[in-house]
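Here is the naming used below: chain letters follow the sequence lines, and residue numbers restart at 1 for every chain.
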Amino acid sequence: NAGVTQTPKFQVLKTGQSMTLQCAQDMNHNSMYWYRQDPGMGLRLIYYSASEGTTDKGEVPNGYNVSRLNKREFSLRLESAAPSQTSVYFCASFRTPGLAGVGYEQYFGPGTRLTVT
Amino acid sequence: GENVEQHPSTLSVQEGDSAVIKCTYSDSASNYFPWYKQELGKGPQLIIDIRSNVGEKKDQRIAVTLNKTAKHFSLHITETQPEDSAVYFCAAPPRTGANNLFFGTGTRLTVIP
């Protein structure tokens, strides 16, 4: 199993450009997540998808859109990139769908380092 | 919503000494508390977790303790080794049954050989 894979690993954009970050998991997990990681601020949830066909906003959704293409794939789109979106982006998938009393182990991808100039 | 605070932000210890990282959470309904380790250039990896029905859990050199009354939990690493150097994150779900996590701001641990 490859686990959670992300593409690209690095990207430089100019302000106003658009791009889509791709994420795929081969663990048959129902839930998938997009986080951004900034120095001193930990991991902040952008959007998540609890199951195929559903998406929900996290803490910092402004400026982003997501698509749960199928059970394996969850993409993050920046329609008009801004310097404030310079960050490292992590995709994660979730082992179980939040059943009471069951753990919430999230598996993370290797990250995409995005710079917006 | 949930608020998870983590301290300290940086921690340096001599090889062989112990390291302790603490987190507090705000939502008394939270019932699961994982710890993640992030090495340079990689995504976070789960290293240990604890559920709200136990007070302590150990796995070799690492342990997590939970004080539900005070709403805080801690990561303990004993006999630290240079390969323990990394950034550590605590997390908690916002409520029972939630399928997302709120993360602390991270602790950069440096183990000095």
Side-chain angles (χ1 to χ4, degrees), chain A residues 2-6 9-10 21 23 25 27 29-51 54-61 66 74 88-113, chain B residues 1-10 21 23-27 29-54 57 59 64 66 73 86-108:
Chain A
V4 180
T5 57
Q6 292 183 236
K9 290 193 185 319
F10 301 95
L21 282 65
C23 174
Q25 53 92 8
M27 295 174 282
H29 290 169
N30 287 326
S31 301
M32 298 183 72
Y33 305 78
W34 276 105
Y35 293 90
R36 60 178 290 172
Q37 184 175 36
D38 302 294
M41 302 193 73
L43 291 153
R44 292 184 293 168
L45 184 64
I46 304 171
Y47 270 94
Y48 68 101
S49 171
S51 61
T54 69
T55 61
D56 287 285
K57 295 179 180 179
E59 301 171 69
V60 289
V66 291
F74 188 38
V88 181
Y89 291 85
F90 288 99
C91 178
S93 69
F94 181 35
R95 187 177 66 173
T96 55
L99 296 172
V102 183
Y104 296 85
E105 181 166 359
Q106 293 194 5
Y107 293 85
F108 284 82
T112 295
R113 185 174 294 275
Chain B
E2 180 67 277
N3 184 31
V4 179
E5 295 189 0
Q6 182 172 348
H7 300 281
S9 57
T10 60
I21 304 170
C23 284
T24 60
Y25 60 98
S26 59
D27 193 332
S30 295
N31 64 345
Y32 176 74
F33 306 94
W35 285 92
Y36 285 80
K37 176 183 181 182
Q38 185 178 26
E39 296 177 335
L40 193 63
K42 296 183 178 180
Q45 279 196 304
L46 180 73
I47 55 171
I48 195 168
D49 55 21
I50 191 168
R51 297 191 177 92
S52 57
N53 57 347
V54 297
K57 182 177 179 181
D59 183 3
V64 57
L66 171 65
F73 57 111
V87 179
Y88 292 82
F89 292 96
C90 61
R95 61 191 180 281
T96 302
N99 52 18
N100 60 308
L101 294 170
F102 283 96
F103 285 82
T105 50
T107 297
R108 181 173 299 279

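In this structure B/T105 satisfies the side-chain hydrogen bond (donor to acceptor under 3.5 Å, both in side chains) test with no other residue, sequence neighbours excluded. For A/K9, there are no side-chain hydrogen bond (donor to acceptor under 3.5 Å, both in side chains) partners at least two apart in sequence or on another chain.
Between A/Q106 and B/Y36, the shortest heavy-atom contact is N-OH, 3.0 Å.
From B/L46, atom CG reaches atom CZ of A/F108 across 9.5 Å, with rounding to the nearest 0.5 Å.
Of the two parts of B/Q38, only the side chain, counted from C-beta on, holds a non-hydrogen atom closer than 4.5 Å to a non-hydrogen atom of chain A. There is no contact between A/Q6 and chain B, counting heavy-atom distances below 4.5 Å. The parts of A/L43 that come within reach of chain B are both its backbone and its side chain, each placing non-hydrogen atoms under 4.5 angstrom from that chain. Residue contact with chain B, scored on non-hydrogen atoms closer than 4.5 Å, involves the side chain of A/Y35 exclusively.
Taking B/G41, B/P44, B/G43, B/G106 one by one and counting their heavy-atom pairs under 4.5 Å with chain A, the maximum is reached by B/P44.
Within a 6.0 Å sphere centred on CZ of A/R44, heavy atoms belonging to other residues, nucleotides or ligands number more than 12.
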